[in-house]
Protein chains: 2
Amino acid sequence: MTVSTVAAAAGVSTATVSRVMNGSTTVAPDMVQRVRAAAAELGYRPNAAAQGLARGRTGTLSVLVPDLANPYFHDVLKGVTAAAGRSGYRMLVADSEEDPDDELGLSHELLRQTDGLILCSPRMPRHDLLTLADDSHAVVCANRLAADIDLPAVTIDAHAGMTSLCHHLARLGHRRVVYLSGPERSWSNQERRHALDRAAAFGLDAVAVACGATMADGHAAIDAALDHDPTAIVAFNDIVAFGALARLRERGVDVPAQVSIAGFDDIPFAAYAAPAITTVRNPKELLGRRSWLLLARALAGERGLEPEVLPPQLIVRDSTAAARDRGNL
Amino acid sequence: MTVSTVAAAAGVSTATVSRVMNGSTTVAPDMVQRVRAAAAELGYRPNAAAQGLARGRTGTLSVLVPDLANPYFHDVLKGVTAAAGRSGYRMLVADSEEDPDDELGLSHELLRQTDGLILCSPRMPRHDLLTLADDSHAVVCANRLAADIDLPAVTIDAHAGMTSLCHHLARLGHRRVVYLSGPERSWSNQERRHALDRAAAFGLDAVAVACGATMADGHAAIDAALDHDPTAIVAFNDIVAFGALARLRERGVDVPAQVSIAGFDDIPFAAYAAPAITTVRNPKELLGRRSWLLLARALAGERGLEPEVLPPQLIVRDSTAAARDRGNL
DNA sequence: ATGAAAGCGCTAACAC
DNA sequence: GTGTTAGCGCTTTCAT
């Protein structure tokens, strides 16, 4: 079942079949009919590999995420597919499972099979990022800015987000806050942490506790966090906040009466948690769409694309309230 | 940068390069060295499309899920990649976004680009499934059994799962239970519902309320559910249970004191909910692994593969307790 | 407007 | 053990 089969059945050349299948306008209407009929009759479907080889492009892009289990990435992926789909591109998703050392290899593998790659929150060392940028012009970086590396990027203004959150907490009278720190190699985590440190200007006294990016991490980190007797806890992301909330409940700590807690990203679960989690909304779909736009431009040959920075938004819910007046937990 | 480039650089033929790249044993050690060196030097990476065309297979399989935002599918996907990866296969993920009418088209498109397809909880009409089975032998169906359609399948024993859950509820003294029904076209939903109906044998009197598969659906369905004044609510899945829990909280209904609630699947969030959700654990990763195994066999030419049925497991947590003695909500 | 034919980059007979 | 070569299925000049 190839072009030749269809061509024979329709009594035309393979070139004509190809033209019809690709919607070329320079084909006589009756030929179009004949070919269409023959193709439909035979149930013909073009072979993607052959098309890819002949055209020099696959029509597929790939996205590499560190953890597919994090709902955060779904919305990003949705944004990417939606935007890329409109340009006739399909999306291949890969998961590095939070293994920074595997990312470079995976990226090369993906680049081999697809036309371009979107790295979502990559954890790989700076050096690998540099290698990748040297190897290919079809890579864009989401959620990470790498100075002096020629990689189109789109990020969130973590500083602005954290600042508005800190403002919120400061107005509620909080002073001692613990930050549940995300993965070491996460750029977002570093940004959030630094932004929080700068919030000392509002009178917030922040201390970081090593944590991670999963619910289990959040759950496990609470005991250490409470040792600092904070009135508020800021989690690396909503997932962590979620796990933390569970542990606080176990320990009988009332949220937000005794301790306030806030997350980051605004994943769907955040709004349904008990209590609903105050968070900094990340324009995830937009991030996905912009990433594709950047990739499309890179694919079209544009170089030296400027990094884009997207604005987050504070979402106040029920997990934050006025700091308790005095006393320890 | 092609085989020829490398061949020229190494002073050998393209065939030898190909042999080395594919780990053929019938190559002299020094040639292997030369080729390896040249390839590394040039940073050569084989073109996947060309390989696919020449080999007649792409080395990629695809998985179609109805909703990538449902954490349930992550574990399934994890199982698939893990198993397929061991056989040198990569995985392409596609999301039909709960649009049953788009599934057939998407499936064909995926089949065109990859060697095989795993349909995860497909919602498409039976007729489309039949078409697909006729068109290809490289399709396996997870979470759906279609009688008289020659499609390798792996499912969960919903009946067993629902029965153990009903047992649990019956022993706690529940009689009036509401089932929050999932998507109309979901086979799992039908199975769960039927199994629940059969639980009348335990003295459970179940009534179904239309709901859906999202947190918002669960949230929205609670009001109608409470109209039936149930002592227990069984949700289509954990996501729905999660949304339902939020609404119950809003209405001031105490779970589990006034109403018990149970989910299905045991997604990670279930254990961290407030209260932790009693559920029926679905061996998701196993399901993924088995799906791949079936697909691999189909790809190898086996036909008439027997459907596999996996056992679920009741996980009792804090959202279910003894039925309230008397009185309405 | 249509067809013939030359590749796209790689693999796998087949010959040596 | 190594090289030659004929495709894999499609697109795309280039003629006509």
Side-chain angles (χ1 to χ4, degrees), chain A residues 1-39 42-60 88 90 108-109 111-115 136 138 299, chain B residues 1-39 42-60 88 90 108-109 111-115 136 138 299:
Chain A
M1 175 63 348
T2 73
V3 264
S4 317
T5 326
V6 178
V12 302
S13 74
T14 60
T16 299
V17 174
S18 176
R19 289 194 188 99
V20 172
M21 298 307 292
N22 293 295
S24 164
T25 48
T26 66
V27 187
D30 56 315
M31 295 247 108
V32 176
Q33 290 307 315
R34 290 230 300 280
V35 174
R36 284 255 158 75
L42 295 163
Y44 168 71
R45 293 185 211 291
N47 175 308
Q51 280 186 322
L53 182 54
R55 296 212 252 244
R57 45 178 226 88
T58 62
T60 302
R90 314 220 131 262
H108 277 136
E109 182 59 30
L111 242 18
R112 213 172 69 76
Q113 320 214 52
T114 59
D115 299 338
S136 168
L299 251 24
Chain B
M1 174 65 346
T2 75
V3 263
S4 318
T5 325
V6 179
V12 301
S13 74
T14 61
T16 298
V17 174
S18 177
R19 289 193 188 99
V20 172
M21 299 307 291
N22 294 295
S24 164
T25 49
T26 66
V27 186
D30 56 315
M31 295 245 108
V32 176
Q33 291 308 315
R34 290 228 301 279
V35 174
R36 285 255 158 75
L42 296 162
Y44 168 71
R45 295 189 209 287
N47 175 309
Q51 281 185 321
L53 182 55
R55 299 211 251 242
R57 46 178 225 86
T58 62
T60 302
R90 314 219 132 264
H108 276 137
E109 181 59 31
L111 242 17
R112 212 172 71 75
Q113 318 214 54
T114 59
D115 300 338
S136 166
L299 251 22

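In this text the structure is predicted, and so the values were computed from the model without any measurement. The sequence lines fix the lettering, A, B, ..., with proteins before strands; numbering per chain opens at 1.
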Chemist: With sequence neighbours excluded, tell me which residues meet salt bridge (Lys or Arg N to Asp or Glu O under 4.0 Å) with R36(A).
Modeler: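 Counting only residues at least two positions away or on another chain, R36(A) forms no salt bridge (Lys or Arg N to Asp or Glu O under 4.0 Å).
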Chemist: To the nearest angstrom, how far is M21(A) atom CE from dT12(D) atom P?
Modeler: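 Between P of dT12(D) and CE of M21(A): 14 Å.
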Chemist: Below 3.5 Å between N/O atoms, which protein atoms pair up with nucleotides 2-4 of chain D? Just atom names and distances, please.
Modeler:
residue: dT2(D); atom: OP2; partner: A28(B); partner atom: N; Å: 2.5
residue: dG3(D); atom: OP2; partner: S13(B); partner atom: N; Å: 3.1
residue: dG3(D); atom: OP2; partner: S13(B); partner atom: OG; Å: 3.2
residue: dG3(D); atom: OP2; partner: T16(B); partner atom: OG1; Å: 2.6
residue: dG3(D); atom: N7; partner: R19(B); partner atom: NH1; Å: 3.3
residue: dG3(D); atom: N7; partner: R19(B); partner atom: NH2; Å: 3.3
residue: dG3(D); atom: O6; partner: R19(B); partner atom: NH2; Å: 2.4

Chemist: Considering residues at least two apart in sequence or located in another chain, which fulfil the salt bridge (Lys or Arg N to Asp or Glu O under 4.0 Å) criterion with R55(A)?
Modeler: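 Applying salt bridge (Lys or Arg N to Asp or Glu O under 4.0 Å) to R55(A) gives none.
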Chemist: Identify, with sequence neighbours excluded, every residue that meets salt bridge (Lys or Arg N to Asp or Glu O under 4.0 Å) alongside R45(B).
Modeler: D135(A)
Chemist: Considering only residues two or more places apart or on different chains, which pairs with a residue in residues 9-19 of chain A satisfy side chain to side chain donor-acceptor pair (under 3.5 Å)?
Modeler: S13(A)-T16(A), S18(A)-N22(A)
Chemist: Can you list everything that forms a side chain to side chain donor-acceptor pair (under 3.5 Å) with S24(A)? Sequence neighbours excluded, please.
Modeler: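 Here the qualifying residues are T26(A).
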Chemist: Name the first nucleotide and the last nucleotide along DNA chain C (5' to 3') that come under 4.0 Å of a heavy atom in chain B.
Modeler: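 Nucleotide range with atoms under 4.0 Å of chain B: dG9(C) to dA13(C).
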Chemist: Are any of the side-chain heavy atoms of Q51(B) and M21(B) separated by less than 4.5 Å?
Modeler: no
Chemist: For R90(B), which residues count as a salt bridge (Lys or Arg N to Asp or Glu O under 4.0 Å) partner, sequence neighbours excluded?
Modeler: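 By the salt bridge (Lys or Arg N to Asp or Glu O under 4.0 Å) rule, R90(B) matches E109(A).
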Chemist: Test of understanding: with side chain to side chain donor-acceptor pair (under 3.5 Å), list the residues that count as partners of D115(A), not counting sequence neighbours.
Modeler: T58(A), Y89(A)
Chemist: Hey, what bend do you get for the helix from dA1(C)-dT16(D) to dC16(C)-dG1(D) if you fit axes on five pairs at each end, rounded to 10°?
Modeler: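 Both end axes considered, the difference amounts to 40°.
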Chemist: Taking side chain to side chain contact (heavy atoms under 4.5 Å, CB included) as the test, write out the residues that go with A28(B), two or more places apart.
Modeler: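 A28(B): side chain to side chain contact (heavy atoms under 4.5 Å, CB included) contacts with D30(B), M31(B).
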Chemist: Heavy-atom distance under 4.5 Å between the side chains of L42(B) and M1(B), does that happen here?
Modeler: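 Yes, at least one pair of side-chain atoms sits under 4.5 Å.
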Chemist: Hey, are the side chains of V12(B) and V17(B) touching, using non-hydrogen atoms and a 4.5 Å cut-off?
Modeler: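 Yes - at least one pair of side-chain heavy atoms lies under 4.5 Å apart.
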Chemist: Taking only nitrogen or oxygen atoms into account, show me every contact under 3.5 Å that the protein makes with nucleotides 6-9 of chain D, one pair per line with its distance.
Modeler:
residue: dC8(D); atom: O2; partner: A54(B); partner atom: N; Å: 3.3
residue: dG9(D); atom: N2; partner: A50(A); partner atom: O; Å: 3.4

Chemist: For T2(A) and Y44(A), which heavy atoms make the closest approach, and how far apart are they?
Modeler: C-CE1, 3.7 Å
